[in-house]
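Working notes, structure below.
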Amino acid sequence: MSLGTVNMDYGSFYSLLKGNYRKGVHRFRTMLANPELAEDFSRNLGSVSVILGWPIGYDDKNSQELLGLLLASEVLTQATLTWLGQWYPENNEDSDTMYGDATRCQELVDNALMWRAVGSDPAGCGKLVVTLSGGNCADFADIHAVVADSEAMAAIAAVPAAMQALIASPIAFPTAAASATAVEKILGNSDALGAVVASEDAMEAMISSPMALSAMVASETVMEAIVGSPTALSLTVTSATAMKAVVGSSVAMGVIAVSQSAMTAVAASQTAMAAVAASQTAMAAIIANSSALNTVVSSQTAMAAVAASQTAMAAVADSSTAMQAIANSQTALNAIAASTTALDALYAKKKRMSGASKTLSGKFIILQISSDNAFNTSRYGYATLSDGTKPDWSSYTAKYAYFKQYKKVATYMKNDTDSNDWIDYFQIA
């Protein structure tokens with residue numbers, strides 16, 4: 001075929017597909033729906049170049065639509081071979097020939113324009129990663145066959161170039177993430193795992209696969225790798241799907257709770273804390289670790305989630321350790337005072353000091369003062385707060401009113417001289 005013919009074909013298809021952007025998409029869709037037309041298109045260098053050769057970063061009104069249609073078509077493999085044939089004319093007869101050379105495969109990966117096509121072709125990317133791993137690409141039809149093969153995936157996981165190509169492909173890695181065989185080999189290889197947690201696209205694919213996500217949160221090694229990667233950790237704590245799996249795993253939460261960087265990220269994320277606060281497993285792990293607990297009680301975001309959750313507050317109210325930490329954090333006390341859910345959890349475990357001139361020392365959250373309990377620091381009732389103040393409670397005897405007004409722990413309480421007076425409180429110490 002002469003250069004002039006190729007140019008004429010290119011011009012004809014450019015006019016057909018680009019002369020009217022909207023109609024061009026309809027024309028191409030119709031062409032792909034007819035097997036003979038689609039096959040002719042895929043074997044014509046001028047026609048495939050209109051779409052596969054369109055420069056990256058210079059999209060017009062239908063270039064992405066046309067590309068998307070071709071990438072999803074049955075003739076993508078042949079169209080890609082035809083297009084690559086202008087650079088590798090002696091190797092464009094079939095996929096095994098084109099992708100059977102490791103040096104050429106790496107060239108394709110390194111060339112963004114070529115990789116846009118090859119990396120989206122199930123046959124092309126599947127055979128390419130096998131070749132890069134040292135295998136025989138002729139043994140596999142496409143990426144689906146590759147990820148189902150234990151030996152092939154073990155080899156790919158062990159070769160950085162192959163793993164990088166697998167991760168770089170928009171279809172190869174999501175396919176691998178949906179394969180139990182592939183996930184086992186990837187997570188079982190430290191270098192492959194490191195490549196995954198360093199890649200936003202790879203982590204998103206793993207999180208999107210229920211099977212892969214389940215495998216990740218069940219592995220202490222994998223969770224440590226996630227915690228050690230800013231990219232993976234950020235994606236995990238901002239994903240409701242990922243955090244639902246994390247908080248349901250004692251292994252995952254055990255790793256999260258002992259990591260300051262992980263707990264800081266969790267405490268700062270509304271998504272993560274919503275999951276944590278709704279999980280008994282997660283709350284237990286945090287309460288059991290003083291550093292994790294202190295991170296939560298000192299975070300406004302984290303404490304807002306805890307205070308709003310019946311599950312979290314039940315765990316907190318049952319733990320003297322947690323309540324001690326809350327008592328030492330003004331941020332936490334503010335959150336408790338602002339939430340009826342939190343106060344109700346404390347009220348469910350309230351104690352009552354009753355009787356004329358009755359007194360009590362310790363650490364308490366005052367929940368309610370009897371309405372006729374007269375305030376007077378020298379003669380009748382009063383409470384001393386942790387900052388040493390003894391504020392007038394006359395206007396704050398309703399349920400929760402005193403603590404909502406004065407968000408402090410009380411260290412001393414005294415009733416007035418009438419025998420029927422009382423103060424309901426939650427005892428911290």
Show, in sequence, the C-alpha distance, side-chain angles and deciding distance for Ile51 and Phe13, and conclude whether the side-chain contact (heavy atoms from CB on, under 4.5 Å) test is met.
CA-CA 10 Å; Ile51 298 176; Phe13 274 94; over 6 Å; no
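- Within the structure, the side-chain hydrogen bond (donor to acceptor under 3.5 Å, both in side chains) test picks out the following pairs touching residues 102-114 (sequence neighbours left out): Tyr88-Glu107, Gln106-Asp110.
- In this structure, Asn136 has no side chain to side chain donor-acceptor pair (under 3.5 Å) partners at least two apart in sequence or on a different chain.
- Within the structure, no pair that satisfies the side-chain hydrogen bond (donor to acceptor under 3.5 Å, both in side chains) test touches residues 218-236, not counting sequence neighbours.
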Could you check Leu52 against Arg116 for side-chain contact (heavy atoms from CB on, under 4.5 Å), going step by step and ending with a plain yes or no?
CA-CA 8 Å; Leu52 294 181; Arg116 183 176 66 181; 5.6 Å; no
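- Counting only residues at least two apart or in different chains, salt bridge (charged side-chain N to carboxylate O under 4.0 Å, His left out) contacts with residues 246-274 are absent.
- The closest donor-acceptor contact from the side chain of Ser133 to the backbone of Val130 lies under 3.5 Å.
- Counting only heavy atoms from C-beta outward, the side chains of Lys414 and Thr384 never approach each other to under 4.5 Å.
- The stretch residues 403-413 participates, sequence neighbours left out, in no salt bridge (charged side-chain N to carboxylate O under 4.0 Å, His left out) pair at all.
- Among residues at least two apart or in separate chains, side-chain hydrogen bond (donor to acceptor under 3.5 Å, both in side chains) pairs with a member in residues 262-275 are Gln260-Thr264.
- Nearest heavy-atom pair across Ile156 and Val146 is CD1-CG1, 3.5 Å.
- With rounding to the nearest 0.5 angstrom, the CZ atom of Arg379 is 6.0 Å from the OG1 atom of Thr417.
- The salt bridge (charged side-chain N to carboxylate O under 4.0 Å, His left out) analysis of residues 276-286, with sequence neighbours excluded, yields no pairs.
- Using modelled atom types, one side-chain atom of Asn289 and one backbone atom of Ala292 make a donor-acceptor pair closer than 3.5 Å.
- The backbone N or O of Val297 lies less than 3.5 Å from a partner atom in the side chain of Ser329, making a donor-acceptor pair.
- Partner of Tyr382 under the ring pair (Phe, Tyr, Trp, His ring centres under 6.0 Å) criterion, chosen from Tyr402, Trp393, Tyr412: Tyr412.
- Under the 4.5 Å side-chain criterion, counting only non-hydrogen atoms from C-beta, Val50 is not in contact with Phe41.
- Under the 30°/60° scheme for interplanar angles, the aromatic rings of Tyr396 and Tyr406 are found to stand perpendicular.
- With no hydrogens or angles considered, a side-chain donor-acceptor pair links Asp387 and Thr389 at under 3.5 Å.
- Between the side chains of Thr82 and Gln78, at least one donor N or O lies within less than 3.5 Å of an accepting N or O.
- For Trp115 (side chain) and Ala168 (main-chain N/O), a donor-acceptor pair under 3.5 Å exists by modelled atom type.
- Here the rule is side-chain contact (heavy atoms from CB on, under 4.5 Å) with Cys125, and of Ile143, Thr175, Leu166 only Ile143 fits it.
- Residues satisfying the side chain to side chain donor-acceptor pair (under 3.5 Å) test with Arg27, not counting sequence neighbours, are none.
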Which donor-acceptor pairs under 3.5 Å do side chains of residues 354-368 form with protein atoms, sequence neighbours excluded?
none

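- Counting only distance, with no hydrogens or angles, the side chain of Ser179 and the backbone of Val147 share a donor-acceptor pair below 3.5 Å.
- Without hydrogens or angle criteria, Ser249 side chain to Val217 main chain gives a donor-acceptor distance under 3.5 Å.
- Sorted by first and then second residue, the pairs that involve residues 332-350 and meet side-chain hydrogen bond (donor to acceptor under 3.5 Å, both in side chains), not counting sequence neighbours, are Asp318-Lys349, Gln330-Asn334, Asp344-Tyr400.
- Counting heavy atoms from C-beta outward, Leu132 and Val159 have side chains that stay 4.5 Å or more apart.
- Side chain of Asn328 to main chain of Gln324: a donor-acceptor pair is present (N/O by atom type, distance under 3.5 Å, no hydrogens or angles).
- Looking at Ser298, its side chain does come within 3.5 Å of a backbone N or O of Thr295 through a donor-acceptor pair.
- With sequence neighbours left out, the salt bridge (Lys or Arg N to Asp or Glu O under 4.0 Å) criterion links Asp149 to no other residue.
- Considering only heavy atoms from C-beta on, Leu16 stays 4.5 Å or farther from Phe28 through its side chain.
- For Lys18, the salt bridge (Lys or Arg N to Asp or Glu O under 4.0 Å) criterion is met by Asp60, not counting sequence neighbours.
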